[in-house]
Amino acid sequence: MKIATWNVNSLKVRLPHVTEWLATNRPDALCLQELKLEDKAFPEAELEAVGYRSVFNGQKTYNGVAILSPHAMTDIVRDIPGFDDVQRRIIAATIGDVRIVCGYFPNGQAVGSEKFAYKMRWLEALTVWLREEMKSHPRLVLTGDFNVAPQPRDAHPDWKDEIHVSEPEREAFRALEQLGLEDVFRRFDQDDASYSWWDYRMGAFRRNFGLRIDHVLATKALAERCSACIIDKAPRRLERPSDHAPVVAQFDL
DNA sequence: ATGGCAACTAGAAGTTGA
């Protein structure tokens, strides 16, 4: 089972990239973030045309998440249960016996800001919910744009901002790991300076000035069956790219 | 030190992202 995540930074703009990528890579699930469109504008038919069904949780202008799959998806959950939030950042679905949770984690803007406080509250609520969710789903994947670079090697050494690399954010990431979720990217040898996001400015992609903030975490039962995890930089080289690259994990079930 | 790019809404310039 191939599971991928991609922050597309506007599904409207990136739809040609997404359909092309699906046709080439044929994942069993593609989790999308930052749709930036309302549900009524979701391009269901265009994705159907390349063989993918969609479940989505969108909003105007900001946020918005979706899961695309050629398979049936059941038990759809939108938003973190019990967490009052107008921002559409979570969608979950079950494919076979694998529970997939797709998240667009808050950015946080700056350590100490109002938005940072929201980010930390959101992370706590997610962790509380997943602890329960994992009890009924031994095979669970948490994937998406975490907006956290979990370790020093996941950020370019010259990244000077605190946001995405601060200790509270990294502690929250570790709390997810302590639930029993593993960052499967690190099961394998990877290039030094492996990143999944590069700023549009300053020729950041060309200079590989980036962050690894898009992740695939899996429960032990799944992680031990993971046979590959890569960052696919090809779409970042296209005309009008998303600033994020897809991350792809293969599970041999 | 600053802003730099892109997408959004709006219909100009301001906000947000990471």
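Just so it is clear: chains get the letters A, B, ... in the order the sequence lines come, proteins before strands, and each one is counted from 1.
- Cluster partners of A:W21, using a side-chain heavy-atom cutoff of under 4.5 Å among ILVMFWY residues and allowing indirect links, are A:W6, A:V8, A:L11, A:L15, A:V18, A:L22, A:L30, A:L32, A:L35, A:L37, A:F42, A:L47, A:V50, A:Y52, A:F56, A:L68, A:I230, A:V248.
- Using a 4.0 Å cut-off, some side-chain N or O of A:R240 falls inside it from OP1 or OP2 of B:dA7.
- A:H244 comes within 4.0 angstrom of the backbone, heavy atoms only, and of no base.
- When each of A:S10 and A:W197 is assigned the nucleotide of DNA chain B with its nearest heavy atom, A:S10 is the one assigned upstream, toward the 5' end.
- Contact annotation: A:Y104 side-chain N/O to B:dT16 OP1/OP2 distance is not under 4.0 Å.
- When distances run from any side-chain atom of A:K36 to the nucleotides B:dA18, B:dC8, B:dA6, the shortest one goes to B:dC8.
- Considering only the side chain of A:Y62, B:dT16 comes nearest among B:dT9, B:dA7, B:dT16.
- Checking the phosphate oxygens (OP1, OP2) of B:dA6, no side-chain nitrogen or oxygen of A:N9 falls inside 4.0 Å.
- The closest donor-acceptor contact from the side chain of A:Y200 to the backbone of A:P241 lies under 3.5 Å.
- In this structure, the side chains of A:V141 and A:R99 stay at 4.5 Å or more apart for every pair of heavy atoms.
- Looking at which nucleotide of DNA chain B each of A:G108 and A:Y200 is closest to, the 5′-most match is held by A:Y200.
- For A:R201, taking side-chain heavy atoms from C-beta onward, the closest of the listed nucleotides B:dA7, B:dA18, B:dT9 is B:dA18.
- The six-membered or imidazole ring of A:W129 lies away from that of A:F83, with a centre-to-centre distance of 6.0 Å or more.
- Here A:D199 lies out of heavy-atom contact (under 4.0 Å) with every strand.
- Considering only side-chain N and O atoms, A:K115 lies under 4.0 angstrom from the phosphate OP1 or OP2 of B:dT16.
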